Amino acid sequence: MYNIHRDKILILDFGAQYTQLIARRIREIGVYCEIWAWDHNPVEIAQFAPRGIILSGGPESTIEPGAPRAPQTVFDAGVPLLGICYGMQTMAAQLGGRTEAGHTREFGHARLSVTAACGLWQGFAAAADALDVWMSHGDRVTAVPPGFAVTAATHDLPIAAMADEARRWYGVQFHPEVTHTQHGAEILRRFAVDICGCDTLWTPANIIDDAVARIRAQVGPDRVLLGLSGGVDSSVVAALLKRAIGDRLTCVFVDTGLLRLHEGDQVMAAMHEHMGVNVIRVNAAPRYFTALSGVSDPEAKRKIIGKLFIDVFDEQAHKLAGIKWLAQGTIYPDVIESADSNTGKAHVIKSHHNVGGLPEGMRFELIEPLRELFKDEVRRVGVELGLPREMVYRHPFPGPGLGVRVLGEVKPEYVDLLQRADDIFISELRAADLYDKVSQAFAVFLPVKSVGVVGDARAYEWVIALRAVETIDFMTAHWAHLPYDFLGRVSNRIINELRGISRVVYDVSGKPPATIEWE
């Protein structure tokens, strides 16, 4: 079996919002990489022994006192370097070049003129060629360090890229990781594969083989317990563990009553009947609705739903004897974005309940087979393991489920209406071949009544809001411009088929200022 971590790239994070995207692009090429903070322990950087190092962008200015700097270990490692945006600026500042505040700031599209041959351009661009790139910077490099040559410029930026071919050190002021940059993927491939010499071993099949081997080594002859939510991450963990340890896996599926229409049955069909996984299904819906009765505050609802899940799961766990391990669906962004992660130079977005240990009182040891994977990698692994594609590539679903898509108090009759309205919306998106063209789509139940006319009678009934967004990273999002005739068809179906709904509205808010979810 291949050692899929043998050839690896280290990304040092200076706080850019695009740092995770750099890592995803490198892994899409087939090369393993990790993100560490720019001030990570230099000894550990040397011990990590990467084939190459990428210095990310960041919001700081190299001309300010105390600005972040790459550790000297980076330059002493003798491996290829690629500085992106701030990464290029700090390379220049630290190696004897010069940076200054830009006279003209560049944000968005720019036309890059290639001015000299460079290892990064080889195979798709030569001198005098022009490329469309994506810029996001204020400061600029005004003099390259000794040994470097200027390899590209824009109309407003005389030094947009630089290279020291002898040491295989490169800097680019633009962002090759974003889709707006022409040949961005080729640039990153040139660096990781051709310049750093990495083999492309990071593939779904190899990831599965490696994960199975590590699970078997970690677990040995013991049994494992997994809380199955029906989401992508826990489903892929279940499939991986099933392949690794077979019947020594037991899953507990807590059916909260807050899932999508028929989702509980679908989870059981996919995992128990199709995959042969041992699943204990717990119908906890009555307990959830009782606990949520009279509660309207979104954060209070989230806490109740999360605590009750742990309580129900813990009750089931205590009924099972001889289980040593608890599996969790922690993925790499959870680790990066949590306060206790290796990096975290960007603002902490959220903390995760499944990062950093087990709930108090649980007697298990922890196993996290997906801890190294991004969500898109988890999906590809799921398909490779044989999970249904429609399950693996479903839109994101919040942990509290429909509990935060029913605004205000959560009642069974509200959830029933929302489940059916949401099912109509999603089924119509699939029928119109629009489901995979939007990043996330769902219905929201609004606890307000609106006057309508049903037949010849006046009706005073509830309102459903539809939400669909397009996004790359879910940090920002645009509302999806769905066709009017499509929205009309969905609205007509919901109002005509669901007694109790008199009006359907469409959410045209972007993120920011709105969030994607309503609560």
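Numbers here simply count residues along the sequence, with the first being 1. Predicted model, so just to flag it, every value in this text is computed and none were measured.
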Side chain to side chain donor-acceptor pair (under 3.5 Å) evaluation trace for Gln266 with Glu390: CA-CA 11 Å; Gln266 292 165 1; Glu390 59 272 18; over 6 Å; no
For the atom pair [atom1] ([X]) and [atom2] ([Y]), what is the distance rounded to the nearest 0.5 Å?
{"X": "Gln328", "Y": "Asp334", "atom1": "CD", "atom2": "CG", "answer": "10.0 Å"}
{"X": "Cys198", "Y": "Phe191", "atom1": "SG", "atom2": "CZ", "answer": "8.5 Å"}
{"X": "Ile280", "Y": "Leu225", "atom1": "CD1", "atom2": "CG", "answer": "7.5 Å"}
{"X": "Glu368", "Y": "Leu370", "atom1": "CD", "atom2": "CG", "answer": "9.0 Å"}
{"X": "Thr256", "Y": "Leu292", "atom1": "OG1", "atom2": "CG", "answer": "9.5 Å"}
{"X": "Ile84", "Y": "Leu55", "atom1": "CD1", "atom2": "CG", "answer": "8.5 Å"}

Tyr32 and Trp202 aromatic ring geometry - parallel, tilted or perpendicular at 30°/60° bounds: tilted
Parallel, tilted or perpendicular: ring planes of Phe374 versus Tyr332, cut at 30 and 60 degrees: perpendicular
Note, [X] side chain near [Y] side chain (heavy atom, < 4.5 Å):
{"X": "Asp247", "Y": "Lys242", "value": "yes"}
{"X": "Leu240", "Y": "Pro369", "value": "yes"}
{"X": "Thr471", "Y": "His478", "value": "no"}
{"X": "Glu384", "Y": "Thr203", "value": "no"}
{"X": "Leu258", "Y": "Val415", "value": "yes"}
{"X": "Lys511", "Y": "Ile516", "value": "yes"}
{"X": "Val267", "Y": "Glu263", "value": "yes"}
{"X": "Val237", "Y": "Leu226", "value": "yes"}

When you measure from the side chain of [X] to the backbone of [Y], do you find a donor-acceptor pair of N or O atoms at a distance under 3.5 Å?
{"X": "Asn206", "Y": "Leu201", "result": "yes"}
{"X": "Lys303", "Y": "Glu299", "result": "no"}
{"X": "Arg223", "Y": "Ala321", "result": "yes"}

Among Ile208, Asp210, Asp209, side-chain contact (heavy atoms from CB on, under 4.5 Å) partner for Val212: Ile208
What's the shortest heavy-atom distance between [X] and [Y], and which atoms?
{"X": "Gly15", "Y": "Ser56", "answer": "N-OG, 4.2 Å"}
{"X": "Ala443", "Y": "Leu418", "answer": "O-CD1, 3.3 Å"}
{"X": "Pro447", "Y": "Leu407", "answer": "CG-O, 3.3 Å"}
{"X": "Asn278", "Y": "Thr250", "answer": "ND2-OG1, 3.5 Å"}
{"X": "Glu177", "Y": "Leu188", "answer": "CA-CD1, 4.1 Å"}
{"X": "Gly403", "Y": "Ile305", "answer": "CA-CD1, 4.1 Å"}

[X]/[Y] ion pair, N-O < 4.0 Å:
{"X": "Lys375", "Y": "Asp233", "answer": "yes"}
{"X": "Asp297", "Y": "Lys301", "answer": "no"}
{"X": "Arg24", "Y": "Asp376", "answer": "yes"}
{"X": "Arg27", "Y": "Glu34", "answer": "no"}
{"X": "Glu186", "Y": "Arg189", "answer": "no"}

Compute both the distance and the angle, then confirm whether [X] meets the cation-pi test with [Y]: under 6.0 Å from the six-membered ring centre, within 45 degrees of the axis.
{"X": "Arg405", "Y": "Phe445", "answer": "no"}
{"X": "Arg467", "Y": "Phe442", "answer": "no"}
{"X": "Arg260", "Y": "Phe397", "answer": "yes"}

Candidate pair Asp265 and Arg281, rule salt bridge (Lys or Arg N to Asp or Glu O under 4.0 Å), full reasoning: CA-CA 10 Å; Asp265 294 337; Arg281 182 177 186 175; 2.9 Å; yes
Leu10/Ile45 under side chain to side chain contact (heavy atoms under 4.5 Å, CB included): CA gap, chis, key distance, verdict: CA-CA 8 Å; Leu10 177 62; Ile45 291 175; 3.8 Å; yes
Chi angles and distances behind the side chain to side chain contact (heavy atoms under 4.5 Å, CB included) call for Val410, Val404: CA-CA 9 Å; Val410 179; Val404 291; over 6 Å; no
Side chain to side chain donor-acceptor pair (under 3.5 Å) between Ser229 and Ser234, worked out: CA-CA 6 Å; Ser229 68; Ser234 67; 3.1 Å; yes
Atom NE2 of His262: over 12 foreign heavy atoms under 6.0 Å: no
Within 6.0 angstrom of His395 NE2, more than 12 heavy atoms from elsewhere: yes
Candidate pair Ile53 and Ile9, rule side chain to side chain contact (heavy atoms under 4.5 Å, CB included), full reasoning: CA-CA 6 Å; Ile53 299 173; Ile9 300 294; over 6 Å; no
For Asp199, the option from Lys8, Arg6, Arg51 that meets salt bridge (charged side-chain N to carboxylate O under 4.0 Å, His left out): Arg6
CA sep, side-chain torsions, deciding dist, call: Val277, Met271, side chain to side chain contact (heavy atoms under 4.5 Å, CB included): CA-CA 6 Å; Val277 176; Met271 302 309 303; 4.0 Å; yes
